[in-house]
Peer 1: 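Before I ask anything, let me first share the structure, which is written out below as structure tokens.
Count residues from 1 along the sequence.
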Amino acid sequence: MSLVHSIALEETVKIDRVIDHIVGTEEGPTMVFFGGIHGNEPAGVFALRQVFDEIRSKKLSVKGEIYAISGNLGALETHQRFQQEDLNRIWFPDRIEDIIEKKKIHHEEENELSQLYLLIQDILENSNPPFYFLDLHTTSSDTTPFMILNDSLLNRKYGSNYPLPIILGIEEYLKGALLSYINELGYVSLGFESGQHDDEKAIRNSVDFIRYSLALTQSLDVTEKEKELLREKISNTSNDSYRFYEIYHQHDIGPENDFEMFPGFSNFQKVPKGVSLALVDGVELKTTKRRQIFMPLYQKQGNEGFYFIRPIPKIWLWLSKELRRVKVDHILVKLPGVEWADGKKDTLVVDQRIARFFAKSFLHLLGYRARRSDKIHLMAKNRERASKSNEYTNALWFNQ
């Protein structure tokens, strides 16, 4: 049991790892919501409590199962992003094996991972598909709500049902995230960023997002009119009209770097050439051309200073979908300098001395994101092979 405080609501609550769990009277999907993976982001926790309390008090009809799960309990209690290490940067298969199988737990975040991992495995083994994993976050800067997806066609198809900006490609820069781990298991998974950390609007936006998600997946029995009203409320929270963006640059903060973001920047802001963004080790970092900034860091903890994003043209999205459907990558491995990393056929190894035409942007079209590279080789992983799309074919959103 942990005490979690909301500055926005001036309220403190007691929570367990499972904030709440409701089993419906009819068959349906399994919805899993996470709140507070970062301890200075309690908005998701309070939003989940509100929605689940509402379902119980109004005795709303639930189909399937819905879970509300807290993330970093220790960090939530102290209202800091993490205690020793970012819980949302350590979800690597080899590290999970060390923690779970070999019991090598060195600090509190690894203990939190152990508990979350075992809970997720229990849900996957004992609940019914289709599974949805939705992670509620907030940002340190002012923001319009948006979603972050790992780039698989299944995720894209599901995410397109939300009238919100969608960011693709963060998995190429941000390693070890919980949702990346879950997406590699083949399930729908996405992150929702509802607003600034201690803004009451972030809680309201999360509440609307949860309600609409339950309606979209038919976990709650609502009319089409009620669902459209929920969709409209979400749409009205966003002032960004463009749907899909991709990340193409991340500014890393090293352990020895002194980083300070200059004030006044917000998500999706277009910044002209020559504008000072941050002070890095006493030197001003300026834009070298016009940029669109994303997730500027205005908190002490964190290793990512900011990102640059750009809109993805609709024709590019269509082309990538068609190329993935016909599995063009199976043809490419017949070319010199390109081969599968192993028998799973989900990771390409590209010798860039030979296959010089292989730019990252081309690999992105095929659903690959670079995971490791050196001066000679580029290794890129594809999530399409793992997608359990067949488990979602009866969902209403899948067939629209």
Peer 1: May I have the step-by-step check of side chain to side chain donor-acceptor pair (under 3.5 Å) for Ser194 and Asn205, ending in yes or no?
Peer 2: CA-CA 6 Å; Ser194 63; Asn205 292 340; 5.7 Å; no
Peer 1: Begin from the C-alpha positions of Arg17 and Glu112 and carry the test salt bridge (Lys or Arg N to Asp or Glu O under 4.0 Å) through to its verdict.
Peer 2: CA-CA 9 Å; Arg17 175 70 63 200; Glu112 301 273 2; 2.5 Å; yes
Peer 1: Please report the shortest heavy-atom distance between Met295 and Tyr307, naming the atom on each side.
Peer 2: CB-CD1, 4.1 Å
Peer 1: Going by atom types only, do Ser389 and Ser387 share a side-chain donor-acceptor pair under 3.5 Å?
Peer 2: no
Peer 1: Above 12 or not: heavy atoms from other molecules or residues under 6.0 Å from CD of Glu10?
Peer 2: no
Peer 1: Give a yes or no answer on whether the side chain of Ser127 reaches the backbone of Leu124 with a donor-acceptor pair at less than 3.5 Å.
Peer 2: no
Peer 1: Enumerate the residue pairs fulfilling salt bridge (charged side-chain N to carboxylate O under 4.0 Å, His left out) with a member in residues 291-311, sequence neighbours excluded, ordered by first and then second residue.
Peer 2: Arg89-Glu304, Glu246-Arg310
Peer 1: Compute the ring centroids of His38 and His137, then answer whether they are less than 6.0 Å apart.
Peer 2: yes
Peer 1: Decide if atom NZ of Lys388 counts as having more than 12 heavy atoms of other residues, nucleotides or ligands within a radius under 6.0 Å.
Peer 2: yes
Peer 1: Any chance you could measure Tyr162, atom OH, to Ser213, atom OG, to the nearest 0.5 Å?
Peer 2: 2.5 Å
Peer 1: If you count the non-hydrogen atoms of other residues, nucleotides and ligands that lie under 6.0 Å from NZ in Lys227, is the total more than 12?
Peer 2: yes
Peer 1: Can you tell me how far apart CG (Leu116) and CH2 (Trp91) are? Round to the nearest 0.5 Å.
Peer 2: 5.0 Å
Peer 1: So which heavy atom on Ile293 is nearest to which on Ser266, and how close?
Peer 2: CG2-O, 3.4 Å
Peer 1: Between Lys344 and Glu184, does at least one N-O distance fall below 4.0 Å, as a salt bridge requires?
Peer 2: no
Peer 1: Would you call Glu110 and Arg95 a salt bridge, using N to O less than 4.0 angstrom?
Peer 2: yes
Peer 1: Test of understanding: with ring-ring contact (aromatic ring centres under 6.0 Å, His included), list the residues that count as partners of Phe268, not counting sequence neighbours.
Peer 2: Phe146, Tyr245, Phe294
Peer 1: One pair to check against side chain to side chain donor-acceptor pair (under 3.5 Å): His364 and Glu172. What are the steps and the verdict?
Peer 2: CA-CA 10 Å; His364 293 170; Glu172 194 163 73; 3.1 Å; yes
Peer 1: Tell me, please, which residues at least two apart from Glu54 pass side chain to side chain donor-acceptor pair (under 3.5 Å).
Peer 2: Arg211
Peer 1: Quick check for you: to the nearest 0.5 Å, what is the distance between Arg243 atom CZ and Ser238 atom OG?
Peer 2: 9.5 Å
Peer 1: What closest approach, in Å, do Ala215 and Leu230 show between heavy atoms, and which atom pair accounts for it?
Peer 2: CB-CD1, 4.1 Å
Peer 1: So, Asp252 versus Asn303: side-chain donor-acceptor pair below 3.5 Å or not?
Peer 2: no
Peer 1: How would you list, by chain and number, every residue that makes a ring-ring contact (aromatic ring centres under 6.0 Å, His included) with Phe82, sequence neighbours excluded?
Peer 2: none
Peer 1: Is Ile55 close to Asp20 at the side-chain level, that is, under 4.5 Å between some pair of heavy atoms?
Peer 2: no
Peer 1: Flag the pair Phe244 / Trp316 as yes when at least one side-chain heavy-atom distance between them is below 4.5 Å, and no otherwise.
Peer 2: no
Peer 1: Please identify each residue that fulfils side chain to side chain donor-acceptor pair (under 3.5 Å) with Asp94, with sequence neighbours left out.
Peer 2: none
Peer 1: What about the rings of Phe133 and Tyr181, do their centers lie closer together than 6.0 Å?
Peer 2: no
Peer 1: Out of Phe398, Tyr392, Tyr132, which one pairs with Tyr158 under the ring-ring contact (aromatic ring centres under 6.0 Å, His included) rule?
Peer 2: Tyr132
Peer 1: How would you list, by chain and number, every residue that makes a ring-ring contact (aromatic ring centres under 6.0 Å, His included) with Tyr298, sequence neighbours excluded?
Peer 2: none
Peer 1: State the CG-CZ distance between Leu164 and Arg231, to the nearest 0.5 angstrom.
Peer 2: 9.0 Å
Peer 1: Give the C-alpha distance, both sets of side-chain angles, the deciding distance and a yes or no for side chain to side chain donor-acceptor pair (under 3.5 Å) between Asn40 and Gln299.
Peer 2: CA-CA 10 Å; Asn40 61 336; Gln299 58 192 21; 3.0 Å; yes
Peer 1: Quick one: does any side-chain atom of Ser160 pair with a main-chain N or O of Arg156 as donor and acceptor, under 3.5 Å?
Peer 2: yes
Peer 1: Return the minimal non-hydrogen interatomic distance between Pro296 and Ser140, and the atom names on each side.
Peer 2: O-OG, 3.4 Å
Peer 1: Give a yes or no on this: more than 12 heavy atoms of other residues, nucleotides or ligands lie within 6.0 Å of atom NZ of Lys327.
Peer 2: no
Peer 1: To the nearest 0.5 angstrom, please state how far the CG atom of Leu168 sits from the CE atom of Met147.
Peer 2: 9.5 Å
Peer 1: Please determine which of Asn150, Asp151, Asn382 meets the side-chain hydrogen bond (donor to acceptor under 3.5 Å, both in side chains) test together with Arg369.
Peer 2: Asp151
Peer 1: Could you tell me whether Lys201 atom NZ has more than 12 heavy atoms of other residues or ligands within 6.0 Å of it?
Peer 2: no
Peer 1: Before giving the answer on salt bridge (Lys or Arg N to Asp or Glu O under 4.0 Å), spell out for Glu171 and Arg383 the whole-Å C-alpha distance, their side-chain angles and the decisive distance to 0.1 Å.
Peer 2: CA-CA 11 Å; Glu171 66 267 32; Arg383 287 184 169 81; 3.7 Å; yes
Peer 1: Quick check on Asn394: does its CG atom have over 12 non-hydrogen neighbours (other residues, nucleotides or ligands) under 6.0 Å away?
Peer 2: no
Peer 1: So how far is it from Ser114 OG to Ile99 CD1, rounded to the nearest 0.5 Å?
Peer 2: 7.5 Å
Peer 1: Salt bridge check: are Glu228 and Lys225 linked by an N-O gap of less than 4.0 Å?
Peer 2: no
Peer 1: Provide the closest heavy-atom pair for His79 versus Asp198 in the form atom of the first, atom of the second, distance.
Peer 2: NE2-OD1, 3.6 Å
Peer 1: Should Leu48 and Met1 be counted in the same cluster of Ile, Leu, Val, Met, Phe, Trp and Tyr side chains packed under 4.5 Å apart?
Peer 2: no
Peer 1: Kindly work out whether a path of hydrophobic side-chain contacts (I/L/V/M/F/W/Y, heavy atoms less than 4.5 Å apart) joins Tyr368 to Ile331.
Peer 2: no
Peer 1: Compare every heavy atom of Glu65 with every heavy atom of His21, then report the nearest pair and how far apart it is.
Peer 2: NE2-OE1, 2.7 Å
Peer 1: Shared ILVMFWY cluster between Leu378 and Leu335, side chains joined below 4.5 angstrom?
Peer 2: yes
